[in-house]
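Quick one: structure below, then a few questions.
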Amino acid sequence: MNYWLFKNEHEDFSIDDLAAARGKKTHWDGVRNYQARNFMRDDMRVGDLGFFYHSNCEVPAVVGIIEIVREAYPDHTAFDANDPHFDAKSDPDDPRWFMVDVKMVRKLDRQIPLKEIKDHADKLEGFHLIQRGNRLSVMPVKPKHWKLILSLE
DNA sequence: GCCAACGTTGGC
DNA sequence: GCCAACGTTGGC
């Protein structure tokens, strides 16, 4: 089983929005970065777990745990000219962008701020989130890194 | 295929 | 709101 981290802007779709969603599920649409897409399309399996992370907000933090419940399928928002993530170059017959479905496992008892995670940088070598200039919105998390971060809860 | 210009991300 | 870092675009 693999572990992941999913970033989202708090204002756009927060952990509470997921908690309020029907079935506490959502499709993770709008990823328009090839590296992130490849992780979703090629490596995510049903049952994998992911951190839900709030970015670009007052306290960037890991706030919850989610589970992959459907493996990659075409991101239909790329075909919708009215969608902010519309991409004219994604052909429905040969889709460029993919998404997965995730469901809430649980909200963390306490959010784990990026700042605290960075305090353990010496034990988080290779963790994309704390690398300089990192902009990946979907990234893998090593099991030992997953464990360490959860131990901070 | 290079690379400057541009738009976006995201921490601070 | 600033700005460094990055990915993408497009002219050549």
Side-chain angles (χ1 to χ4, degrees), chain A residues 2-21 26-44 48-68 72-102 104-142 144-153:
Chain A
N2 291 315
Y3 295 100
W4 305 95
L5 181 142
F6 292 80
K7 266 188 209 171
N8 223 5
E9 297 203 16
H10 177 272
E11 287 189 17
D12 188 22
F13 188 85
S14 74
I15 190 77
D16 291 322
D17 292 325
L18 178 60
T26 190
H27 47 248
W28 206 268
D29 61 62
V31 172
R32 297 290 180 271
N33 168 284
Y34 289 104
Q35 203 181 347
R37 177 207 65 183
N38 292 347
F39 286 136
M40 286 202 299
R41 187 191 58 186
D42 303 335
D43 300 326
M44 272 186 200
D48 284 358
L49 296 178
F51 283 135
F52 194 118
Y53 177 84
H54 285 163
S55 69
N56 211 358
C57 54
E58 198 175 339
V59 183
V62 171
V63 294
I65 296 175
I66 56 182
E67 179 180 350
I68 312 300
Y73 60 107
D75 181 345
H76 57 76
T77 65
F79 312 135
D80 178 359
N82 295 319
D83 192 280
H85 300 294
F86 174 64
D87 180 1
K89 291 177 192 154
S90 187
D91 177 354
D93 293 326
D94 183 20
R96 174 180 294 200
W97 305 114
F98 290 80
M99 58 189 181
V100 297
D101 287 355
V102 302
M104 172 82 103
V105 172
R106 66 182 182 90
K107 191 172 164 176
L108 296 189
D109 297 336
R110 176 184 92 82
Q111 62 175 20
I112 303 168
L114 176 63
K115 208 169 148 223
E116 286 185 34
I117 294 171
K118 282 184 167 171
D119 289 341
H120 301 268
D122 57 329
K123 287 172 249 151
L124 292 169
E125 200 180 340
F127 186 35
H128 297 269
L129 189 70
I130 59 169
Q131 279 167 6
R132 190 159 136 268
N134 146 69
R135 291 173 57 181
L136 270 180
S137 62
V138 174
M139 66 185 74
V141 180
K142 292 183 176 132
K144 61 179 176 183
H145 294 168
W146 176 276
K147 229 177 182 177
L148 173 69
I149 292 163
L150 259 192
S151 76
L152 304 177
E153 185 179 4

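Side chains included, hydrogens not; waters and symmetry mates left out as well; all remaining heavy atoms used.
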Could you tell me which residues satisfy salt bridge (Lys or Arg N to Asp or Glu O under 4.0 Å) with A/E116, sequence neighbours excluded, listed by chain and number?
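By the salt bridge (Lys or Arg N to Asp or Glu O under 4.0 Å) rule, A/E116 matches A/R110.
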Does A/R132 put a side-chain nitrogen or oxygen below 4.0 Å from OP1 or OP2 of C/dA5?
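For C/dA5, OP1 or OP2 has a side-chain N or O of A/R132 closer than 4.0 Å.
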Parallel, tilted or perpendicular, as decided by the 30° and 60° cut-offs, for the rings of A/W97 and A/Y34:
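Tilted: the ring planes of A/Y34 and A/W97 meet at 30° to 60°.
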For the pair made of OH in A/Y34 and C1' in C/dT9, what is the distance, rounded to whole Å?
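Distance, rounded to whole Å: 11 Å.
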Would you mind writing out the side-chain donor-acceptor pairs for residues 88-95 of chain A within the sub-3.5 Å range, not counting sequence neighbours?
residue : atom : partner : partner atom : Å
A/S90   : OG   : A/R96   : N            : 3.0
A/D91   : OD1  : A/D93   : N            : 2.8

Between atom CD in A/Q35 and atom P in B/dT8, what is the gap in whole Å?
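Whole-Å distance recorded here is 20 Å.
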Polar side-chain atom of A/K142 near backbone of A/F127 as donor-acceptor pair, under 3.5 Å
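No, A/K142 side chain to A/F127 backbone: no donor-acceptor pair under 3.5 Å.
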Test salt bridge (Lys or Arg N to Asp or Glu O under 4.0 Å) applied to A/D17 - qualifying residues, sequence neighbours left out:
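Checked A/D17 against salt bridge (Lys or Arg N to Asp or Glu O under 4.0 Å); zero matches.
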In whole angstroms, how far is the P atom of B/dT9 from the CD1 atom of A/I130?
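Nearest whole value for this atom pair: 22 Å.
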Five-pair end axes of the helix from B/dG1-C/dC12 to B/dC12-C/dG1, angle between them (10°)
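Here the local axes at opposite ends form an angle of 10°.
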Taking A/M99's backbone N and O only, do any of them form a donor-acceptor pair with A/D75's side chain (distance below 3.5 Å, no angle check)?
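The answer is no, because no donor-acceptor pair under 3.5 Å joins these two groups.
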With distance as the sole test, does A/Q35 use its side chain to make a donor-acceptor pair with the main-chain N or O of A/L136 at under 3.5 Å?
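It does not hold such a pair.
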How would you list, by chain and number, every residue that makes a salt bridge (Lys or Arg N to Asp or Glu O under 4.0 Å) with A/E9, sequence neighbours excluded?
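In terms of salt bridge (Lys or Arg N to Asp or Glu O under 4.0 Å), with neighbours along the sequence ignored, A/E9 is linked to no residue.
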Please list, for nucleotides 10-12 of chain B, all pairs of protein and nucleotide N/O atoms separated by less than 3.5 Å.
residue : atom : partner : partner atom : Å
B/dG10  : OP1  : A/K7    : NZ           : 2.7
B/dG10  : OP1  : A/R135  : O            : 3.2
B/dG11  : OP1  : A/Y53   : OH           : 2.8
B/dG11  : OP2  : A/N56   : N            : 2.9
B/dC12  : OP1  : A/K118  : NZ           : 3.0

